[in-house]
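One-based numbering, in listed order, for ligands and for the atoms of each.
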Amino acid sequence: QKIIFSGIQPTGVPHLGNYLGALHHWKRMQDEAEESTRLFFSVVDLHAITVPRPKGLLKQWKREMVAALLAIGLNPAQSTIFYQSMVPAHSELQWILSCTASTGYLSRMTQWKHGLFSYPILQAADILVHRATHVPVGEDQRQHLEFARECVTNFNHAYGVSHLVAPSTILSPAKRVMSLTNPLQKMSKSDPDPRSRILLTDAADVITSKIKSSLTDSVNSVSWDPVGRPGVANLLTLLSHLDGEEGRKGGRTAAELGEGEFAGKPLIDLKMRVAELVNAELQPVRERFHEFMAQEEHLDSVIRDGAMKARESAENTMKDVREAVELGG
Ligand code: TYM
């Protein structure tokens with residue numbers, strides 16, 4: 001059975017990198033899923049508390065994230081949407097995994113946050129507690145996923161069982177969307193410059209202005225040169241992910257666009273086309289986001305139902321895990 005799991009931190013409204021690298025891909029996987037496939041999407045609030053934030057903000061960010069997930073088209077009847085902290089088995093499995101995790105492996109990882117070993121172990125537990133088979137993520141999560149597979153090997157070997165399942169990493173076509181102000185860095189929530197990213201809630205004129213002022217170079221005509229012209233390449237790449245019919249986006253590659261339709265055109269033409277397509281993509285998402293934010297009771301019920309389903313799924317695994325480790329009664 002195919003079980004799809006992914007997570008996102010509730011640290012503000014998602015940006016275009018989250019959208020193209022993850023959320024849009026989740027929605028596509030949901031729409032293409034067979035009847036027997038189960039899907040889980042977690043708002044990982046436990047992961048989000050590694051950074052300090054003003055009182056009340058986490059609660060707001062979590063609700064915004066649920067509204068965003070609904071706005072991009074996740075359907076709670078098909079996809080289980082839940083807060084990580086409402087399923088304590090995630091934390092329980094994290095502790096159990098940490099007891100067989102290899103610290104040598106952990107210290108060789110470059111991606112873990114804030115030097116916390118517990119961060120990638122909790123992420124592994126998120127996935128393994130639902131026995132997920134497929135995990136759609138952006139490129140920056142690849143190492144964490146490798147580590148999750150390492151946890152499976154260690155646990156199963158230590159206890160002589162095969163209760164945990166090794167998940168496959170599913171990279172989205174837009175696996176690494178770059179910053180608009182520094183095309184050598186990925187678009188990120190933590191970049192201090194808000195013009196480096198486009199938020200799902202940005203108004204049309206804000207989106208256009210951010211793309212128009214995005215960092216390119218002093219050559220004023222388009223060419224495809226990802227090494228020499230990363231800013232232009234980033235715009236062409238964005239365009240390639242947004243170009244084409246719904247469900248068939250990515251019809252032409254960035255290279256095809258840069259060497260074909262846009263070759264030699266003024267940069268502003270490319271920028272305006274990117275802005276137009278980003279706007280067309282995000283406008284309905286933004287509108288639905290505000291609609292869902294106003295539906296308090298609906299949000300509450302999505303959160304409650306999601307937690308119930310996720311607890312049931314996690315309990316199934318934990319029964320086997322506790323028995324193998326000789327925990328519980
Ligand atoms: P987070 O919240 O930083 O990001 C959520 C998703 O967005 C993707 N992403 C990007 N993709 C392309 N280009 C970008 N510039 C870009 N920025 C972000 C990320 O790859 C991710 O898929 N540790 C995770 C959350 C997590 C998780 C999990 C994910 C916790 N448990 C279990 C998968 C499975 C994180 O911080 O993602």
Dump the intermediate steps for salt bridge (Lys or Arg N to Asp or Glu O under 4.0 Å) on R176 and D140, then the final yes or no. CA-CA 8 Å; R176 193 167 154 85; D140 58 347; over 6 Å; no
Heavy-atom proximity to atom 32 (C) of ligand 1 ranks first, among F5, W26, F41, for F5
Checklist entry - Do any N/O atoms on N18 end up under 3.5 angstrom from N/O atoms on ligand 1? => result yes
Counting heavy atoms under 4.0 Å, the part of M187 that contacts ligand 1 is both
Under 4.0 Å from one or more heavy atoms of G21, ligand 1 contributes atoms 11 (N), 12 (C)
*Is there a side-chain contact between L70 and L299, using heavy atoms and a 4.5 Å cut-off?*
yes
A student checking ligand 1 against D126 at a 4.0 Å heavy-atom cut-off should list atoms 28 (C), 30 (C), 31 (N)
- Query: With a 3.5 Å cut-off and no angle check, do the side chains of T169 and R149 form a donor-acceptor pair?
  - Reply: yes
Per-atom filter on ligand 1: closer than 4.0 angstrom to a heavy atom of H15 are 17 (N)
The complete set of ring pair (Phe, Tyr, Trp, His ring centres under 6.0 Å) pairs with one or both residues in residues 34-58, sequence neighbours excluded, reads W26-F41, F40-H130, H47-Y119
Per-atom filter on ligand 1: closer than 4.0 angstrom to a heavy atom of A22 are 6 (C), 7 (O), 22 (O)
What one should report as the nearest heavy-atom pair of R63 and E296 is NH2-O, 3.2 Å
Query raised in the report: For T100, does its backbone N or O pair with a side-chain atom of N154 as donor and acceptor, under 3.5 Å?
Result: yes
>> ring-ring contact (aromatic ring centres under 6.0 Å, His included) for Y83 and H90? Distances and angles first, verdict last.
In response: CA-CA 11 Å; Y83 292 160; H90 286 237; over 10 Å; no
* With a 3.5 Å cut-off and no angle check, do the side chains of Q123 and Q141 form a donor-acceptor pair? -> yes
- Hey, is NZ on K62 packed in by over 12 heavy atoms from elsewhere, all under 6.0 Å? yes
Closest heavy-atom pair, V177 versus L20, reported as atoms and distance to 0.1 Å, is CG2-CB, 4.1 Å
So the atoms of ligand 1 within less than 4.0 Å of a heavy atom of K175 turn out to be 11 (N), 12 (C), 13 (N)
Counting from 1 in the order shown, the ligand 1 atoms closer than 4.0 Å to a non-hydrogen atom of G138 are 11 (N), 19 (C), 20 (O), 22 (O)
To atom 14 (C) of ligand 1, the nearest of V177, I170, D191 on a heavy-atom basis is V177
F289 meets the ring pair (Phe, Tyr, Trp, His ring centres under 6.0 Å) criterion, sequence neighbours left out, with none
Ranking L145, L122, D140 by closest non-hydrogen atom to atom 19 (C) of ligand 1, top hit is D140
Next item on the list: Could you tell me whether some N/O pair between G17 and ligand 1 is separated by less than 3.5 angstrom?
Entry: yes
(Q) With the threshold set at under 4.0 angstrom, would you say M178 reaches ligand 1 through any of its heavy atoms? (A) no
The option among T50, I127, L20 carrying the non-hydrogen atom nearest to atom 34 (C) of ligand 1 is I127
Logged contact type for V44 with ligand 1, heavy-atom cut-off 4.0 Å, is side chain
Under 4.0 Å from one or more heavy atoms of Y119, ligand 1 contributes atoms 23 (N), 24 (C), 35 (C), 36 (O)
Value for NE2 (H298) from CZ (F292), rounded to nearest 0.5 Å, stands at 5.0 Å
In terms of heavy-atom contacts, S79 and L74 come closest through OG-CD2, 4.2 Å
Logged contact type for S172 with ligand 1, heavy-atom cut-off 4.0 Å, is neither
Legend entry - Distance-only N or O hit between ligand 1 and Q123, under 3.5 Å: yes
Note: V135, heavy atoms under 4.0 Å from ligand 1, region reported as side chain
Checking heavy-atom distances from atom 37 (O) of ligand 1 to each of R176, Q141, H47, H25, the winner is Q141
Contact region, T11 to ligand 1, non-hydrogen atoms below 4.0 Å, reads neither
- Looking only at heavy atoms of K189, does any of them come nearer than 4.0 Å to an atom of ligand 1? yes
Within 4.0 Å of some non-hydrogen atom of I8, the atoms of ligand 1 are 2 (O), 5 (C)
Any salt bridge linking R273 with E276? Criterion: basic side-chain nitrogen under 4.0 Å from a carboxylate oxygen.
yes
